Amino acid sequence: MPLLSVIVPCFNEEAALPHFYTEAVSALAEIGGGVQAEFVFVDDGSMDGTMRVIKGLRAQDRRVRYISFSRNFGKEAAIFAGLKECVGDFATLMDADLQDPPALLKDMYAALTREGCDCAAARRVNRKGEPPIRSLFARVFYRVINKISQTEIVDGARDFRMMTRKYVNSVCEISEYNRFSKGIFSWVGFKTKWLEYENAPRVAGNTKWSFWKLFKYSLDGILAYSTVPLYISSAVGLLCFVASLIMILFYFIKTLIWGDPVAGYPSLICFILMIGGIQLFSIGVLGQYLAKTYLETKRRPAYIVSERESDSVDGEQRTENS
Ligand code: UDP
Ligand code: MG
């Protein structure tokens, strides 16, 4: 019988988890085809009672497994941990807040088993209920990154998706520290089917993404999937250099012919400022890439596990390391 792993990253989801569990269980029952399920809850260093809720679920349902991080490592790390931990023939990634409609699971499963896809992913067609400024920045981000990166990042794509074992293994092989899943999923290739749905509001609790967290995340995405910013800064630098050569020539000739009646103090300051700004900007871009390289070369693990309950559905006890 095929086993489907449901991976759920949780960060302070005490309020949402019980709802999620009930909805997910009934949606899973509807898939049919003798599919067995396991839940892999990844507690991303929650400060509230998330772990208590998860342990409660575990006590009543042996299909529930969990990993708990020693601190908040971010959703990307939680996704990575869940994918590495799950043992199913199929795996699905879902948010704990029911913004990823469990009703889609059935269609996703059908896409994988009947249509021969390796991945079925959800894409929201609108951003209803989201602050307008956040939607605006999101749209700009997708436009920019798709212009400058060769890996396609689909606008509105969620992390909500179902994958075959082959696909999961390929994603796990990518062990980079600065993870940007939307890019990784697209980069590994395979046949992906997109399912569209309308955005749903959170069932309980608050979003864990502040504007800054999202801004940093989008920069991570751009830096990880494109080296175009490096080219831009080099090109701008070159342009300025050529422009200054022309200007020097122009002033040289002008002085020879008409002399130098006025000392151009203001324009001088302006140009110094401009060139200085461009230099700093370029150094900054370089620095960003260097910082990413620096973090990668440290080869730090993406997360640290403090606690886990990981015997799987078939009762097989997995190694306990904390
Ligand atoms: N999440 C996480 N670690 C974090 C932030 C979020 O594991 O540092 C989880 C969170 O618990 C939820 C999912 O990622 O299950 C999506 O988070 P959220 O709903 O806050 O994001 P949004 O839907 O607003 O984009
Ligand atoms: Mg959400």
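If you're wondering where the values come from, they're calculated on a predicted model, not measured in any experiment. Just so you know, ligand 1 is whichever comes first in the structure, and atom 1 is the first atom listed for that ligand.
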Quiz prompt | Flag side-chain contact, heavy atom, 4.5 Å: Asp43 against Glu307 | solution = no
Exercise. Determine yes or no for a side-chain-to-main-chain donor-acceptor pair under 3.5 angstrom, with Ser5 supplying the side chain and Ala91 the backbone.
Key: no
Practice problem: May I ask you to list the atoms of ligand 1 that are less than 4.0 angstrom from any heavy atom of Gln99? | Solution: 19 (O), 22 (P), 23 (O)
Practice problem: Report the relative orientation of the aromatic rings in Phe180 and Tyr217; use parallel for angles under 30°, tilted for 30 to 60°, perpendicular for over 60°. | Solution: tilted
Quiz item: Looking only at N/O atoms, are Gly74 and ligand 1 under 3.5 Å apart anywhere?
Solution: no
Quiz item: Would you say the side-chain atoms of Ser170 pair up with the backbone N or O of Lys166, donor to acceptor, closer than 3.5 Å?
Solution: yes
Quiz item: Which of the atoms in ligand 1, numbered in the order shown and given with their element, are less than 4.0 Å from a heavy-atom of Asp44?
Solution: 2 (C), 3 (N), 4 (C), 7 (O), 8 (O)
Quiz item: Taking non-hydrogen atoms only, is Met94 closer than 4.0 angstrom to ligand 1 via side chain, backbone, both or neither?
Solution: neither
Quiz item: Glu76 near ligand 1, heavy-atom distance under 4.0 Å?
Solution: no
Exercise. If you have a sec, work out which protein heavy atom is nearest atom 16 (C) of ligand 1 and how many Å separate them, to one decimal?
Key: Asp95 OD2, 3.2 Å
Exercise. Could you tell me which atoms of ligand 1, counted from 1 in the order shown, lie closer than 4.0 angstrom to a heavy atom of Glu13?
Key: 10 (C), 11 (O), 12 (C), 15 (O)
Practice problem: Before accepting this row, confirm whether a basic side-chain N of the pair Lys193/Asp107 lies closer than 4.0 Å to the acidic partner's carboxylate O. | Solution: no
Self-check item: Under 3.5 Å donor-acceptor, Arg123 side chain and Glu196 backbone
Solution: no
Quiz item: For atom 25 (O) of ligand 1, which protein heavy atom lies nearest, and how many Å away is it?
Solution: Arg134 NH2, 3.3 Å
Exercise. Give, for atom SG of Cys10 and atom CD1 of Ile54, the distance between the pair rounded to the nearest 0.5 Å.
Key: 4.5 Å
Quiz item: Any side-chain heavy-atom pair from Phe211 and Leu214 closer than 4.5 angstrom?
Solution: no
Quiz item: Any N or O of Ala96 that comes nearer than 3.5 Å to an N or O of ligand 1?
Solution: yes
Quiz item: For atom 1 (N) of ligand 1, what is the nearest protein heavy atom, given as residue, atom name and distance?
Solution: Phe11 CB, 3.8 Å
Practice problem: Measure the shortest side-chain to side-chain distance between Ile79 and Ile7 over non-hydrogen atoms and say whether it is less than 4.5 angstrom. | Solution: no
Quiz item: At what distance is the nearest protein heavy atom to atom 21 (O) of ligand 1, and which residue and atom is it?
Solution: Trp209 CD1, 2.9 Å
Quiz item: Who's the nearest protein heavy-atom neighbour of atom 20 (O) of ligand 1, and how far?
Solution: Lys208 N, 2.6 Å
Quiz prompt | Nearest-neighbour protein heavy atom for atom 24 (O) of ligand 1, which is reported as residue plus atom name and distance | solution = Thr207 OG1, 2.6 Å
Quiz item: Heavy-atom distance under 4.5 Å between the side chains of Phe20 and Asp97, does that happen here?
Solution: no
Exercise. Specify the protein heavy atom at minimum distance from atom 19 (O) of ligand 1: its residue, its atom name, and the distance to 0.1 Å.
Key: Asp97 OD2, 2.6 Å
Exercise. Any atoms of ligand 1 less than 4.0 Å from a non-hydrogen atom of Pro9? List them with their elements.
Key: 7 (O), 9 (C), 10 (C), 11 (O), 12 (C), 15 (O)
Quiz item: Has the side chain of Asp48 got a donor or acceptor atom that lies under 3.5 Å from a matching backbone atom of Glu14?
Solution: yes
Exercise. Mind checking whether Asn72 contacts ligand 1 via backbone (N, CA, C, O), side chain (CB onward), both or neither, at a 4.0 Å heavy-atom cut-off?
Key: side chain
Quiz prompt | N-O pairing of Arg308 and Glu85 below 4.0 Å | solution = yes
Quiz item: Under 4.0 angstrom from ligand 1, any heavy atom of Lys213?
Solution: yes
Exercise. Please find out if the Mg ion (ligand 2) and some N, O or S atom of Asp97 are separated by less than 2.8 Å.
Key: yes
Quiz prompt | Numbering as shown, the atoms of ligand 1 that approach Cys10 to under 4.0 Å (heavy-atom distance) | solution = 7 (O), 11 (O)
Quiz item: Nearest protein heavy atom to atom 14 (O) of ligand 1, by residue and atom, and its distance?
Solution: Lys75 CD, 3.2 Å
